[in-house]
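Below: the structure, in structure tokens.
Treat the numbers as computed from the prediction; the structure is a model and nothing was measured.
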Amino acid sequence: MDREEQLVGELTRIAHSAADALVRLMQGGGPPIVLIEPALNSVAGPVEAAVVEREWMRTSWTPGMPDSRLPETFRATEIRVADMIAHFGPFWIEIVGRLVSLVGSDYFRWLDSLDPVADLERFRGQVHAHVSDIEQVAKAAGLSAEWENSAMLPQIITQYNGGLYLSAHRGDADPSLSSLRNGQAFLLMIDTVAGVFEAESNTKN
């Protein structure tokens with residue numbers, strides 16, 4: 001079995017495990033739709049959880065779907081290599097692999113290990129300039145949609161895990177440090193995705 005088939009098999013297993021986790025969480029009450037990310041992140045690392053969430057939304061979820069059907073849609077989710085290529089582009093496995101190598105399996109531990117940059121605004125400007133360049137590269141290659149889908153992964157990861165991280169550090173003597181680390185983490189992730197698109201495009205030129 002090659003790397004791509006092995007990884008989509010693992011992502012499919014995560015989706016099926018999330019179905020069981022979602023059922024357990026639903027027993028505690030609350031809107032099931034807001035329990036999806038907790039369910040996914042309870043059975044997978046932050047990157048894999050984000051990938052499965054995007055694939056589930058693309059292939060299995062429809063607006064207005066009854067909440068009671070959510071677990072069965074995860075249980076029925078089958079992620080295929082062709083799906084990943086169509087959604088994230090031909091170098092999807094490099095994107096996922098690089099993000100996993102960067103973030104690891106524990107978002108909190110990763111952020112705690114970051115040395116805050118001296119000038120976050122300057123770093124943000126550098127990353128935004130890089131991302132803007134790569135958007136044009138992706139457009140020229142006919143991969144605009146794939147770039148947008150890939151760039152969503154850092155947003156999903158930061159939105160859920162970053163929110164939990166900030167809440168956990170709200171009572172710190174210097175809560176701005178956690179905010180700085182969370183902002184830096186997003187920039188590192190989006191820059192990593194951009195770097196994959198850049199490297200792969202250069203390889204093909």
Side-chain angles (χ1 to χ4, degrees), residues 1-15 18 36-37 40-41 44-63 73-74 76-105 107 110 120 122-162 182-205:
M1 182 182 296
D2 64 21
R3 287 177 59 217
E4 291 189 318
E5 290 292 345
Q6 185 175 2
L7 184 50
V8 294
E10 176 60 25
L11 294 172
T12 296
R13 286 189 290 274
I14 288 169
I36 288 172
E37 286 182 317
L40 281 165
N41 281 273
V47 176
E48 295 91 336
V51 172
V52 172
E53 180 180 344
R54 290 298 293 171
E55 278 303 290
W56 168 79
M57 289 188 69
R58 189 176 74 91
T59 63
S60 304
W61 180 77
T62 55
T73 62
F74 275 99
T77 295
E78 295 291 333
I79 299 174
R80 299 175 176 83
V81 172
D83 298 328
M84 299 296 290
I85 292 172
H87 197 190
F88 299 109
F91 26 86
W92 69 271
I93 195 165
E94 283 77 18
I95 293 168
V96 175
R98 288 282 300 279
L99 284 174
V100 170
S101 294
L102 176 69
V103 178
S105 61
Y107 188 83
W110 175 47
L120 183 62
R122 181 182 179 186
F123 182 49
R124 181 178 286 113
Q126 292 170 341
V127 171
H128 284 179
H130 186 205
V131 166
S132 294
D133 289 343
I134 300 307
E135 286 176 345
Q136 296 308 309
V137 170
K139 182 177 180 180
L143 295 171
S144 290
E146 291 84 346
W147 159 256
E148 291 176 4
N149 288 329
S150 299
M152 278 295 298
L153 296 176
Q155 296 181 44
I156 293 171
I157 294 167
T158 305
Q159 179 178 311
Y160 175 71
N161 293 280
N182 195 50
Q184 182 176 335
F186 171 77
L187 293 172
L188 288 169
M189 286 188 287
I190 194 69
D191 197 47
T192 294
V193 175
V196 173
F197 270 78
E198 181 178 31
E200 293 296 330
S201 297
N202 290 339
T203 299
K204 291 174 172 53
N205 291 334

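- E55 has its side chain within reach of M84: a pair of non-hydrogen atoms, C-beta onward, lies under 4.5 Å apart.
- Applying the side-chain contact (heavy atoms from CB on, under 4.5 Å) rule to H128 yields the partners R124, L187; only residues at least two apart in sequence or on another chain are considered.
- Looking at residues two or more places apart in sequence or on another chain, you find a side chain to side chain donor-acceptor pair (under 3.5 Å) between T73 and W56.
- Across all non-hydrogen atoms, the minimal contact from V52 to A15 is CG1-CB, 3.8 Å.
- Side-chain contact between F123 and L188 is present, with at least one heavy-atom pair separated by less than 4.5 Å.
- Once rounded to the nearest 0.5 Å, the distance linking CE of M57 with OG1 of T77 reads 12.0 Å.
- For the salt bridge (charged side-chain N to carboxylate O under 4.0 Å, His left out) condition, the pairs that include at least one residue of residues 82-102, sequence neighbours left out, are R58-D83.
- Between the side chains of E4 and W92, at least one donor N or O sits under 3.5 Å from an acceptor N or O.
- Scanning all heavy atoms of the two residues, the minimum distance from I156 to A50 falls at CG2-CB, 3.8 Å.
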request  = List the steps, then state whether side chain to side chain contact (heavy atoms under 4.5 Å, CB included) holds for F88 with V96.
outcome  = CA-CA 10 Å; F88 299 109; V96 175; 5.8 Å; no
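- Heavy atoms only, all atoms of each residue included: I95 and F197 are closest at CD1-CE1, 3.5 Å.
- Separation of atoms CH2 (W110) and CG (N161) is listed at 10.0 Å; rounding is to 0.5 Å.
- S105 contributes no side-chain N or O that, together with a main-chain N or O of G45, makes up a donor-acceptor pair within less than 3.5 Å.
- Considering CD of E48 and CZ of R13, their distance stands at 12.0 Å, rounded to 0.5 Å.
- Between W147 and V137 the shortest side-chain heavy-atom distance does not fall below 4.5 Å.
- Shortest non-hydrogen contact noted between P46 and G104 is CD-O, 3.7 Å.
- Contact detail for G162 and N182: the closest heavy-atom pair is CA-OD1, 3.2 Å.
- Once rounded to the nearest 0.5 Å, the distance linking CG of L11 with CG of L7 reads 4.5 Å.
- Put simply, CD on E10 and CD on E5 are 14.0 Å apart, with the number rounded to the nearest 0.5 Å.
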task = List the steps, then state whether side chain to side chain contact (heavy atoms under 4.5 Å, CB included) holds for Q126 with R122.
result = CA-CA 6 Å; Q126 292 170 341; R122 181 182 179 186; 3.6 Å; yes
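- In this structure a side-chain-to-backbone donor-acceptor pair under 3.5 Å is missing from D191 to V127.
- A distance of 7.5 Å separates CG in D2 from CD1 in I93, rounded to the nearest 0.5 Å.
- In this structure, E198 and I134 approach most closely via the heavy-atom pair CB-CD1, 3.5 Å.
- In this structure, T12 contributes its side chain and E78 its backbone to no donor-acceptor pair below 3.5 Å.
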task = Would you please test L153 and V193 for side chain to side chain contact (heavy atoms under 4.5 Å, CB included) and show each step?
result = CA-CA 9 Å; L153 296 176; V193 175; 5.7 Å; no
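- Residues F91 and L143 have side chains in contact (heavy-atom distance under 4.5 Å, counting atoms from C-beta outward).
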